[in-house]
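Everything below concerns the one structure shown next.
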Amino acid sequence: MTLQFHNTLTGEIDKFESIVPGKVSIYTCGPTVYDYPHIGNWVAYIYWDTLVRVLMANDYDVTRVMNITDVGHLVSDADEGEDKLEKGARREGKTAWEVAKFYTNDFLNGMKQLGLVTPQFIAKATDYIPDQIKLVQKLVDKGYTYQIDDGIYFDTSKFPTYADFAHLNLDAQKAGARVEFNQQKRNASDFALWKFTPAGEKRDMEWLTPQEILEDGKWNMEDGKSQSIANSQIPIANSQRMGFPGWHIECSAIAMSILGETLDIHTGGIDHIPVHHTNEIAQSESATGVIFSNYWLHNNHLKVNNTKISKSLGNGYTLKDLQEKGYSPLDFRLFVLQSNYRKEGNFTFDNLQSAKNRLHNWRNIAALRHQIHDTLQSEAERAKDDKTISLLATSQAIIEALNDDLGTPQALKIIDEAFARITRSSLSRVDRQSLIQLLETIDSTLGLQLIDSTPDISDEEKKILLLRKSARERKDWDKSDELRDELLKLDVIIRDTNSETVWEYKI
RNA sequence: GGCGCGUUGACGGAACGGUUACGUGGAGCUCUGCAAAAGCUUAUAAAUGGGUUCGACUCCCAUACGUGCCUCCA
């Protein structure tokens with residue numbers, strides 16, 4: 001099976017081909033750091049992490065960029081309303097910079113807990129202000145922009161394919177819109193590239209608006225009239241017009257600065273299709289004249305108890321909430337992998353429990369590697385062994401399942417079937433090396449850390465096991481049960497099969 | 001008001017125009033020193049009504065319900 005993904009750009013499952021053979025560039029829309037991420041946010045990062053792991057399993061050299069939106073952009077697509085970071089700052093009595101730093105660290109910590117591969121570039125928007133200005137400059141120079149009272153806007157009517165990506169019906173949307181648009185905008189879909197700090201305000205995060213991106217060195221004053229900055233009546237301070245980037249410009253600027261004008265893959269949530277990604281495409285392709293990204297992958301959303309997660313409803317659990325209820329980030333990771341990234345998921349604690357149990361069972365399989373010895377049989381004999389052969393084929397089957405548009409549910413099924421073959425057979429017939437190899441494949445593609453999370457039992461515990469073995473051999477059942485209880489207290493469960501005794505983790 | 005999506009068993013969740021998905025949980029049986037595991041069995045699976053077809057969970061139409069975007073949010 002070749003590597004293929006559902007591409008929003010074409011609406012089809014497309015065979016993946018990178019621009020440079022063997023190398024792939026990916027841009028992932030990252031978090032806005034003004035609050036704790038909820039489980040719905042994490043779903044996206046888990047799926048895109050799987051994408052990266054699958055590409056690596058196919059021997060691609062992956063260069064991935066994820067932005068951190070640490071500059072306040074506005075709360076709505078209409079470029080109106082309160083700024084999230086400034087709002088968060090007020091809520092917590094901190095500056096926007098402090099808020100951004102705090103939640104950036106929290107996010108990075110969450111990534112670590114979930115076992116997400118760190119992107120090669122984690123780009124903070126505030127570190128790329130000059131790049132963003134440069135991109136605005138380019139669009140100004142090419143005539144794609146216009147300036148109104150509150151900022152510099154992109155004229156979407158100058159990008160004829162604007163509606164194509166999201167299959168928008170702009171006229172119908174305008175007619176049905178329930179929000180009022182900024183009356184100065186030429187088209188309802190026009191968006192801000194650069195916003196001016198409102199007169200008389202001081203923001204925590206603001207930068208000097210370069211004269212070059214302003215129209216003829218003029219700007220509209222509050223009375224709506226254009227005045228020249230050369231006018232000596234205007235105080236010098238006013239000529240230093242402060243501003244900040246619009247909502248969409250950072251992703252284009254960061255992506256192209258680091259990865260070049262055309263990316264292989266751009267990822268994000270489906271909610272980004274109609275506005276954010278549509279705007280990214282418009283501004284990027286207007287500036288460069290070449291296609292911005294060859295593949296666009298979008299993850300569906302997660303619901304909680306069949307209702308959507310939203311900040312305003314306050315039903316978004318955080319990783320910490322899950323941990324307080326006894327579920328680890330990896331339990332959640334397996335829960336997420338149980339469904340396809342394009343399907344709307346539904347989170348309930350029952351479902352999470354189901355994933356937790358599944359992971360626990362898998363860990364007990366992984367622990368078997370400590371309990372079997374390297375087989376002494378020859379290569380020829382090993383090749384004859386069904387179990388060995390099927391375990392080796394399983395690794396390849398997992399990768400092929402994932403290659404087909406990130407088929408994580410199918411991959412999990414393959415793992416279950418392979419593990420079932422192991423539990424059914426006598427331990428002496430399982431080849432240790434091929435089990436380890438399978439576990440390594442699972443960990444590298446799905447990030448479940450089966451190997452790291454399943455250490456061997458202690459020497460003390462092994463000693464008890466041996467004592468119990470001899471007690472059983474002389475049919476001293478009282479002693480045997482006593483030793484079994486002793487191990488249970490140490491969180492080791494044992495079970496006796498026909499030929500041997502197997503230990504498992506209690507938790 | 002405009003545009004779109006979904007509806008599979010107790011729960012989660014796949015594939016597929018005809019063949020047991022798989023997992024988690026429940027019940028029963030077998031095996032077993034006990035326990036556990038495993039194996040086997042089991043519970044009216046495809047929202048509803050039509051249509052196409054030799055045959056539909058799978059394709060088409062309608063209805064119901066749910067839900068998403070257009071407004072924060074992945």
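Everything numeric in this text was worked out from a predicted model, so none of it was measured. The chains referred to below are lettered A, B, ... by the order of the sequence lines, with proteins before strands, and numbering in each begins at 1.
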Worksheet item: Looking at B/rA35, B/rG13, B/rA74, which one has an atom nearest to any side-chain atom of A/Pro409?
Response: B/rG13

Worksheet entry | Atom C1', compared across B/rU63 and B/rG9: separation rounded to whole Å | 24 Å

Fill in: Nearest to side-chain heavy atoms of A/Asn351, which nucleotide of B/rA35, B/rC11, B/rC22
B/rC11

Discussion item. By nearest atom, which of the nucleotides B/rG23, B/rU67, B/rA21 is closest to the A/Lys413 side chain?
Written reply: B/rA21

Discussion item. Counting the atoms with a prime plus P, OP1 and OP2 as sugar-phosphate, which does A/Ile494 contact under 4.0 Å by heavy atoms, base, sugar-phosphate, or nothing?
Written reply: base

Worksheet, complete the sentence: Walking RNA chain B from its 5' end, the first of A/Gln338 and A/Ile493 to be reached, judged by nearest nucleotide, is A/Gln338

Worksheet entry | Rounded interatomic separation in angstrom, taking NE2 from A/His301 and P from B/rC70 | 10 Å

Response to the item:
Between CZ of A/Arg484 and P of B/rA37 the distance, given in whole Å, is 12 Å

Fill in: Working for salt bridge (charged side-chain N to carboxylate O under 4.0 Å, His left out), residues A/Arg369 and A/Asp456
CA-CA 9 Å; A/Arg369 74 185 186 282; A/Asp456 201 355; over 6 Å; no

Item to complete: Name the closest nucleotide to the A/Ala44 side chain, picking from B/rG33, B/rC22, B/rA74.
Response: B/rA74

Practice prompt. In whole angstrom, give the distance that lies between atom CZ of A/Phe335 and atom P of B/rC22.
Written response: 21 Å

Fill in: Carboxylate-amine/guanidinium contact A/Asp190 A/Lys158, below 4.0 Å
no

Practice prompt. Find the distance A/Asp271:CG to B/rG4:P and express it as a whole number of Å.
Written response: 19 Å

Item to complete: Return the nearest nucleotide to the side chain of A/Arg358; candidates are B/rU67, B/rC22, B/rU8.
Response: B/rC22

Practice prompt. Compare the minimum distances between each of B/rC34, B/rG23, B/rA14 and the side chain of A/Gln410, then state the nucleotide with the smallest one.
Written response: B/rA14

Worksheet item: Parallel, tilted or perpendicular: which fits the ring planes of A/Phe347 and A/Tyr317, with parallel below 30° and perpendicular above 60°?
Response: tilted

Worksheet item: Which nucleotide in the set B/rA74, B/rU24, B/rG33 lies at the smallest distance from any side-chain heavy atom of A/Asp481?
Response: B/rG33

Discussion item. What contact category does A/Arg474 fall into here, base, sugar-phosphate, or nothing, at under 4.0 angstrom with non-hydrogen atoms?
Written reply: nothing

Item to complete: Scan A/Ile414 against the nucleic acid and name what it touches under 4.0 Å (heavy atoms): base, sugar-phosphate only, or nothing.
Response: nothing

Practice prompt. Take A/Asn357 and A/Asn346, find for each the nucleotide of RNA chain B with the closest heavy atom, and name the residue whose nucleotide sits nearer the 5' end.
Written response: A/Asn346

Discussion item. Regarding A/Arg186 and A/Asp155, does a basic nitrogen lie under 4.0 Å from an acidic carboxylate oxygen?
Written reply: yes

Item to complete: Using a strict cut-off of less than 4.0 Å between a Lys/Arg side-chain nitrogen and an Asp/Glu carboxylate oxygen, indicate whether A/Lys413 and A/Asp416 qualify as a salt bridge.
Response: no

Practice prompt. Could you tell me whether A/Lys479 atom NZ has more than 12 heavy atoms of other residues or ligands within 6.0 Å of it?
Written response: no

Worksheet entry | Under-4.0 Å side-chain N/O to phosphate OP1/OP2 contact, A/Lys343 with B/rA14 | yes

Worksheet entry | Under-3.5 Å donor-acceptor pair between A/Asn300 side chain and B/rG68 base | no

Discussion item. Within the 4.0 Å heavy-atom criterion, would you say A/Thr348 contacts the bases, only the backbone, or no part of the nucleic acid?
Written reply: nothing

Practice prompt. Kindly say whether, by distance alone, the side chain of A/Arg495 makes a donor-acceptor pair under 3.5 Å with the base of B/rA38?
Written response: no

Discussion item. Base, sugar-phosphate or nothing for A/Asn361? Non-hydrogen atoms, less than 4.0 Å.
Written reply: sugar-phosphate

Worksheet item: Do we see a donor-acceptor contact under 3.5 Å between the side chains of A/Gln410 and A/Asp404?
Response: no

Item to complete: Among B/rG66, B/rA74, B/rG33, find the nucleotide with the atom closest to the side chain of A/Ile309.
Response: B/rA74

Worksheet item: How would you label the contact of A/Lys303 with the nucleic acid (heavy atoms, under 4.0 Å): base, sugar-phosphate, or nothing?
Response: sugar-phosphate

Discussion item. Taking any heavy-atom pair under 4.0 Å as a contact, classify A/His298: base, sugar-phosphate, or nothing.
Written reply: nothing

Practice prompt. For B/rA38 versus B/rG25, give the span between their P atoms, rounded off to a whole number of Å.
Written response: 9 Å

Discussion item. So, applying side chain to side chain donor-acceptor pair (under 3.5 Å) with A/His298, which one of A/His272, A/His277, A/His266, A/Arg342 is it?
Written reply: A/His277

Practice prompt. State the dot-bracket string of RNA chain B. Criteria: Watson-Crick or G-U wobble, both atom distances under 3.5 angstrom; notation: ( ) intrastrand, [ ] crossing earlier pairs, | interstrand, . unpaired.
Written response: (((((((..(((.....[...))).(((((.......)))))....(((((..]....))))))))))))....

Practice prompt. Measure from the side-chain heavy atoms of A/Ser354 and tell me the nearest of B/rG23, B/rC34, B/rC22.
Written response: B/rG23

Response to the item:
In short, A/Ser480 meets A/Arg472 closest at the heavy-atom pair OG-CG, 3.4 Å

